[in-house]
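Only one structure is covered here, and it is reproduced in the block below.
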Amino acid sequence: MSSIKLKAAMKDGTVEVKALMTHPMETGQRKDKKTGELVPAHFIQDIIVTAGDKTILTAKWGGSVSKNPYLAFNYAGKAGDKVKLAWTDNKGEKDSAEADVA
């Protein structure tokens, strides 16, 4: 099951994309309260969003983005487009999700 909830809908002549990603987004600077040890960095680094075969958004993130990040943006598209969001984190883990524009 994907860690991404992805929605895409036509709104006011553009496609509005909303994504909620479940991820711990650790900076590597926080200490574990029980052990006092630093919690290792674990965060989403790269995000690529495509519609069909076109890249419509790329993002480079770091440890300063909050836990379970939310991303929303608009692009000039049309109903029926297939939007795909994929991320890769600093540990090499990956996830992706697809949604049809309604």
Side-chain angles (χ1 to χ4, degrees):
M1 183 174 182
S2 178
S3 67
I4 304 167
K5 292 180 183 175
L6 181 64
K7 293 182 180 182
M10 287 296 299
K11 185 175 182 182
D12 300 327
T14 63
V15 176
E16 183 178 53
V17 178
K18 296 178 180 180
L20 180 62
M21 296 162 262
T22 302
H23 196 280
M25 300 300 283
E26 287 290 346
T27 64
Q29 298 177 3
R30 186 177 67 83
K31 288 186 178 182
D32 183 292
K33 292 179 181 176
K34 292 180 183 175
T35 66
E37 300 285 323
L38 284 177
V39 176
H42 188 197
F43 54 87
I44 295 172
Q45 281 187 311
D46 297 302
I47 295 175
I48 299 174
V49 183
T50 57
D53 60 353
K54 281 177 71 173
T55 299
I56 56 173
L57 179 132
T58 59
K60 298 277 188 189
W61 283 358
S64 64
V65 177
S66 69
K67 179 179 178 178
N68 301 329
Y70 174 76
L71 174 68
F73 64 94
N74 295 340
Y75 78 96
K78 62 187 182 314
D81 283 355
K82 183 171 288 292
V83 176
K84 179 180 179 184
L85 183 148
W87 61 253
T88 305
D89 70 17
N90 66 314
K91 292 185 175 186
E93 296 172 7
K94 299 178 180 194
D95 199 2
S96 65
E98 292 184 358
D100 293 323
V101 176

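All values reported here derive from a predicted model rather than from experimental measurement. The first residue of the sequence shown is numbered 1, and numbering continues consecutively from there.
For the atom pair E98 CD and L85 CG, the distance stands at 10.5 Å (nearest 0.5 Å). Distance CH2/W87 to CD1/I48: 13.5 Å, rounded to 0.5 Å. To the nearest 0.5 Å, atom NZ of residue K82 and atom CG of residue D53 are 13.5 Å apart. Here S3 contributes atom OG and I44 contributes atom CD1; the two are 6.5 Å apart, rounded to the nearest 0.5 Å. One finds the OG atom of S96 at 12.5 Å from the CD1 atom of I47 (value rounded to the nearest 0.5 Å).
The same ILVMFWY cluster, assembled from side-chain heavy atoms under 4.5 Å apart, contains both Y75 and M10.
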Can you give the donor-acceptor pairs under 3.5 Å from side chains of residues 31-38 to other protein atoms, not counting sequence neighbours?
{"unit_1": "D32", "atom_1": "OD1", "unit_2": "K34", "atom_2": "N", "d": "2.7"}
{"unit_1": "D32", "atom_1": "OD1", "unit_2": "T35", "atom_2": "N", "d": "3.0"}
{"unit_1": "T35", "atom_1": "OG1", "unit_2": "E37", "atom_2": "N", "d": "3.2"}

Show me, pair by pair, the donor-acceptor contacts under 3.5 angstrom made by side chains of residues 14-22, not counting sequence neighbours?
{"unit_1": "T14", "atom_1": "OG1", "unit_2": "K11", "atom_2": "O", "d": "3.3"}

Could you pull out every donor-acceptor pair under 3.5 Å between side chains of residues 57-72 and any protein atom, sequence neighbours left out?
{"unit_1": "K60", "atom_1": "NZ", "unit_2": "D46", "atom_2": "OD1", "d": "2.7"}
{"unit_1": "N68", "atom_1": "OD1", "unit_2": "H23", "atom_2": "N", "d": "2.9"}

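The salt bridge (Lys or Arg N to Asp or Glu O under 4.0 Å) test applied to E93 returns no partner, not counting sequence neighbours. Taking K78 as the reference, D81 meet the salt bridge (Lys or Arg N to Asp or Glu O under 4.0 Å) condition, with sequence neighbours excluded. Legend: residues meeting side-chain contact (heavy atoms from CB on, under 4.5 Å) with T27, ordered by chain and number and at least two apart, are Q29.
Between V49 and V83, the closest side-chain pair of non-hydrogen atoms falls below 4.5 Å.
The minimum heavy-atom distance linking A97 with S2 is given by the pair CB-OG, 3.9 Å.
Residue-environment remark: NZ (K91) exceeds the threshold of 12 foreign heavy atoms within 6.0 Å.
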Checking side chain to side chain contact (heavy atoms under 4.5 Å, CB included) for the pair V39/E26: CA distance, chi angles, key distance, verdict? CA-CA 7 Å; V39 176; E26 287 290 346; 3.6 Å; yes
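At least one donor-acceptor pair under 3.5 Å links the side chain of N90 to the backbone N or O of A41.
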